[in-house]
Amino acid sequence: MGIAAILVIILCMCSLSLTDLDSGTKDGDPFNATPTEVRTLEELEYWLQMFYPHCFLQDPETQGKQAREDLPEEQEPSPVSDFDNTYNYILSRLAAMDQAIHRLNVGHYTLDVKVTQLLDRVSRLDGTLGEVEETMQQISLLTKENRKEIGRLEGCQKGRRVGYKCYLVYRTYETYAGAAQKCLEWGGRMAMPRDRKEQEALADYVKAFFHPGNWPVWLGINDLRSEGLYLFEDNTRVTYFQWRKHFLSSQPDGGKRENCVAMASDDGDWWDNYCDRNMSYLCEFDA
């Protein structure tokens with residue numbers, strides 16, 4: 001104990017009465033001493049600490065340490081293990097995935113409803129288009145029939161009637177195949193003179209039509225299937241011919257190059273020609 005502390009103790013003792021000191025003596029003290037029996041400084045310190053604790057001054061560090069020792073110890077939080085962190089992270093990710101899947105299901109359901117509605121509209125539209133297409137086909141068929149009927153009427157009104165047939169010259173230029181198609185569209189066929197009577201009637205009509213010029217017109221005769229085998233457009237065999245016969249040029253003379261037959265308008269003779277040549281054509285209709 002320091003000298004300053006001893007002086008403080010002595011002053012405290014002097015301020016107290018001997019009666020107070022005698023009454024504070026206790027049995028069983030480790031030193032079993034009274035103030036008058038104190039022999040050493042340790043006994044004196046012990047006795048004063050027991051009965052006069054207010055006389056002892058403690059340094060700030062000791063007081064702070066004692067105060068800290070008197071405070072209850074705070075429990076440190078237990079550290080979170082890596083496993084717990086990983087487990088919590090996985091749970092959070094699973095929750096996020098569940099929400100995303102839910103949103104995806106909602107979006108899929110909405111899309112499915114819209115697709116169903118769209119398919120229903122497309123189905124109704126397809127039905128409407130089918131009706132329109134059917135109507136257009138009917139109109140086209142009626143138009144074709146009307147054109148054919150008009151062609152037959154024009155053939156007999158504007159052309160030349162011979163027996164049960166009517167013939168009409170078209171001055172538009174077409175190849176042999178084009179002329180055949182046009183005659184069909186007008187409800188007729190290419191002219192097919194089957195005997196002398198029809199041939200002479202056609203020759204007179206064509207000569208009068210192009211007078212005073214001389215222009216060839218297509219007839220419905222060709223040997224495209226076999227060289228030298230002439231057939232009408234209806235595939236029947238030609239039995240009457242009106243080939244041009246002249247000492248300078250006799251027909252047919254084109255061989256395999258010229259396979260389609262045309263009639264000269266000045267004399268009605270037949271000439272073989274290239275089938276892709278463009279010229280006027282002659283159609284026949286049923287009267």
Side-chain angles (χ1 to χ4, degrees), residues 74-159 166 168-192 217-218 220 222 224-225 231-236 259-260 274-287:
E74 296 182 357
Q75 295 181 354
E76 297 182 357
S78 58
V80 181
S81 63
D82 293 339
F83 175 78
D84 292 336
N85 289 334
T86 305
Y87 179 73
N88 293 332
Y89 174 76
I90 292 174
L91 287 180
S92 64
R93 297 304 298 170
L94 288 175
M97 290 177 62
D98 184 68
Q99 294 178 359
I101 291 173
H102 175 71
R103 291 194 298 269
L104 182 62
N105 288 332
V106 172
H108 182 270
Y109 174 77
T110 305
L111 180 62
D112 184 66
V113 172
K114 292 183 179 180
V115 169
T116 302
Q117 295 174 351
L118 179 61
L119 289 177
D120 183 60
R121 293 179 182 177
V122 169
S123 178
R124 293 197 299 268
L125 180 61
D126 185 64
T128 304
L129 289 176
E131 295 176 357
V132 172
E133 184 178 0
E134 183 178 358
T135 303
M136 291 181 63
Q137 289 178 353
Q138 293 176 356
I139 293 174
S140 177
L141 181 60
L142 291 174
T143 302
K144 290 180 180 179
E145 292 296 329
N146 291 337
R147 180 182 297 178
K148 289 180 180 180
E149 186 64 27
I150 292 172
R152 285 192 292 267
L153 292 175
E154 286 184 346
C156 292
Q157 290 178 357
K158 297 181 180 181
C166 296
L168 181 63
V169 174
Y170 291 89
R171 301 194 68 166
T172 57
Y173 297 119
E174 298 286 347
T175 63
Y176 181 88
Q181 181 64 33
K182 289 294 184 180
C183 288
L184 290 175
E185 290 178 0
W186 286 109
R189 52 196 174 271
M190 294 183 74
M192 296 177 287
V217 293
W218 286 121
N222 65 81
L224 292 170
R225 181 177 298 181
L231 302 174
F232 289 116
E233 272 296 297
D234 60 1
N235 291 323
T236 58
N259 298 306
C260 296
Y274 295 102
C275 296
D276 57 354
R277 181 179 175 182
N278 289 287
M279 62 178 71
S280 301
Y281 55 96
L282 183 64
C283 295
E284 69 177 31
F285 304 90
D286 295 328

Where the side chain of S123 meets the backbone of L119, is there a donor-acceptor pair that is under 3.5 Å apart?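 Not confirmed, S123 side chain does not pair with L119 backbone.
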With heavy-atom distances below 4.5 Å as the criterion, would you say the side chains of [X] and [Y] are in contact?
X	Y	value
N222	C275	no
E145	E149	no
R189	E233	no

Which atoms form the tightest heavy-atom contact between [X] and [Y], and what is the distance?
X	Y	result
E154	W186	OE1-CZ3, 4.3 Å
A191	E284	CA-OE1, 3.7 Å
V169	L282	CG2-CD1, 3.3 Å
C166	G155	CB-O, 3.6 Å
C183	M190	CB-N, 3.8 Å

How long is the straight-line distance from [atom2] of [Y] back to [atom1] of [X], given to the nearest 0.5 Å?
X	Y	atom1	atom2	value
L111	L104	CG	CG	10.0 Å
K148	F285	NZ	CZ	11.5 Å
Q99	H102	CD	NE2	9.0 Å
E131	T135	CD	OG1	7.0 Å
D126	E133	CG	CD	9.5 Å
L168	L153	CG	CG	12.0 Å

CZ/R225: more than 12 non-hydrogen atoms of other groups inside 6.0 Å: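 No, the 6.0 Å shell around CZ holds no more than 12 heavy atoms from other groups.
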Would you sort out whether Y170 and K182 count as a side chain to side chain contact (heavy atoms under 4.5 Å, CB included), showing the intermediate values? CA-CA 10 Å; Y170 291 89; K182 289 294 184 180; over 6 Å; no
In terms of the angle between their ring planes, are Y176 and W218 parallel, tilted or perpendicular, with boundaries placed at 30° and 60°?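 Perpendicular, since the angle between the ring planes exceeds 60°.
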